[in-house]
Number of protein chains: 2
Amino acid sequence: MTAAPGFGNTLVRLSVLIQRRYAQICADHDLTVAQAQLLCAVKDEPRGMSELAQLLGLAKPGLSGLVDRTVRRGLVERVACPNDRRACSVAGTPMGKEIGRAMYRDVAIRLPDIFDGLPESDRRVLEELVSAAIGSPVSGPCLEDGPPAD
Amino acid sequence: MTAAPGFGNTLVRLSVLIQRRYAQICADHDLTVAQAQLLCAVKDEPRGMSELAQLLGLAKPGLSGLVDRTVRRGLVERVACPNDRRACSVAGTPMGKEIGRAMYRDVAIRLPDIFDGLPESDRRVLEELVSAAIGSPVSGPCLEDGPPAD
DNA sequence: TATTGTTATACTCTATAACTATA
DNA sequence: TATAGTTATAGAGTATAACAATA
């Protein structure tokens, strides 16, 4: 009995719990999940399209559309890249950055409630283990670098 | 310093990791995530539409569409409810049940890899804490009961 | 009248293929 | 030629409103 047989499915249920709470926080800020993640990714500094596609796990056309819709809402803007006239970066507008930071704060405050049922000492152990297992964000955003893009 | 300030965002990144791996397993079984969850929910016994909507966190029209698409693929079918002629249940077809069970097994095997970086003893502690915090599945499916529906 | 589930409509998200402009 | 990003197209998912049949 090396691992609990249903642990994989417990993890799926955990991720669903997290995603539902996260989606609720996004909705409270009048954002879709994808828009919120984009906003969190550019809340401190602009990022190139390729980097964002990688970060958000989207193919390039998907990111283009997401940026379009988010631009339309006045939350981000495209800025030309001086070195390479094909490329562009995505920057948060003042409003977008503010909302992105508010999201980030709200997530930090409200999401851990999921583990309210655990005694404080267990929660601290859990935090340490999860943080150790998946590491810290490379440069600020809510997301993890990943393979899916393109 | 009660809780790590970024723990909420670490949880979001964890859930993204889990969801991406889960989506990959679904794709390996030629399923979308929503179809896989529907299949897991009916892999052992039929379930009513209301129960499924609650379980999957969908509003009724969303579930109707999901069931339509999954019926079209020959994985589930609608069965009339004898007591109430308005109502119906969703049952897996033999193929659908088989795929649902295979998914469930595959998730149990492949998902915990996420924590491969942790020493074995830490992994066991983590499993216990997560399982204690979110409990076991009520009746078998991969999902958790939740509020969003309708 | 209230409830179950579907249909209609609209928008977001995601994928693939084809395209434009630049390198 | 290769690369960055967009446009075109299609399908899945999700929400609200209106509807049908039954309770």
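All heavy atoms count here, side chains included; hydrogens, waters and symmetry mates do not.
- Between Lys97(A) and Asp44(A), no side-chain nitrogen of the basic residue sits less than 4.0 Å from a carboxylate oxygen of the acidic one, so the salt-bridge criterion is not met.
- Taking CD from Glu120(A) and CZ from Arg124(A), the interatomic distance works out to 4.5 Å, rounded to the nearest 0.5 Å.
- Using a 4.5 Å cut-off on side-chain heavy atoms (C-beta onward), Met49(B) and Leu63(B) make contact.
- Of the two residues contacting DNA chain C, namely Gly65(B) and Pro82(A), the nearest-nucleotide position lying further toward the 5' end is that of Gly65(B).
- Rounded to whole Å, atom C1' of dC13(C) lies 13 Å from atom CZ of Arg72(A).
- Between Glu51(B) atom CD and dT4(C) atom P the separation is 13 Å, expressed in whole Å.
- Rounded to an integer number of Å, the gap from Lys60(B) NZ to dT7(C) P is 14 Å.
- Heavy atoms of Leu63(A) sit nowhere under 4.0 angstrom from any nucleic acid atom.
- At whole-Å resolution of the value, CG in Leu52(A) and P in dG5(D) are 9 Å apart.
- One atom, CZ of Arg20(A), and another, C1' of dT14(D), lie 13 Å apart when rounded to the nearest Å.
- Comparing Ser89(B) and Val33(A) against DNA chain C, the residue whose closest nucleotide sits nearer the 5' end is Ser89(B).
- Each of Val76(A), Val79(A), Leu66(A) was checked for a side chain to side chain contact (heavy atoms under 4.5 Å, CB included) with Val90(A), and the lone residue meeting it is Val76(A).
- With rounding to whole Å, Arg73(B) atom CZ is found 9 Å from dA12(D) atom P.
- Between Ser64(B) and dT7(C) there is no side-chain N or O to OP1 or OP2 distance below 4.0 Å.
- Note on Cys88(A): only backbone sugar-phosphate atoms sit closer than 4.0 angstrom, heavy atoms only; bases stay farther off.
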Letter per nucleotide, 5' to 3', of nucleotides 17-22 of chain D [B base touched, S only sugar-phosphate touched, - untouched; heavy atoms, 4.0 Å]: B---BB

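- A salt bridge is defined here as a Lys NZ or Arg NE, NH1 or NH2 lying under 4.0 Å from an Asp or Glu carboxylate O, and Asp106(B) with Arg101(B) fails to meet this definition.
- In this structure, CD of Gln24(A) is placed 11 Å from P of dA15(D), rounded to the nearest angstrom.
- Under the 3.5 Å distance criterion, with hydrogens and angles disregarded, no donor-acceptor pair is assigned to the side chains of Thr93(A) and Glu77(A).
- Take the nearest nucleotide of DNA chain D for Ala87(A) and for Asp68(A): the residue whose nucleotide is more 5' is Ala87(A).
- In this structure, Leu66(A) places its CG atom 16 Å from C1' of dT7(D), rounding to the nearest Å.
- With respect to the salt-bridge test (charged N to carboxylate O, under 4.0 angstrom), the residues Asp28(A) and Arg110(A) qualify.
- Look at Arg69(B) and you won't find any side-chain N or O under 4.0 angstrom from OP1 or OP2 of dG11(D).
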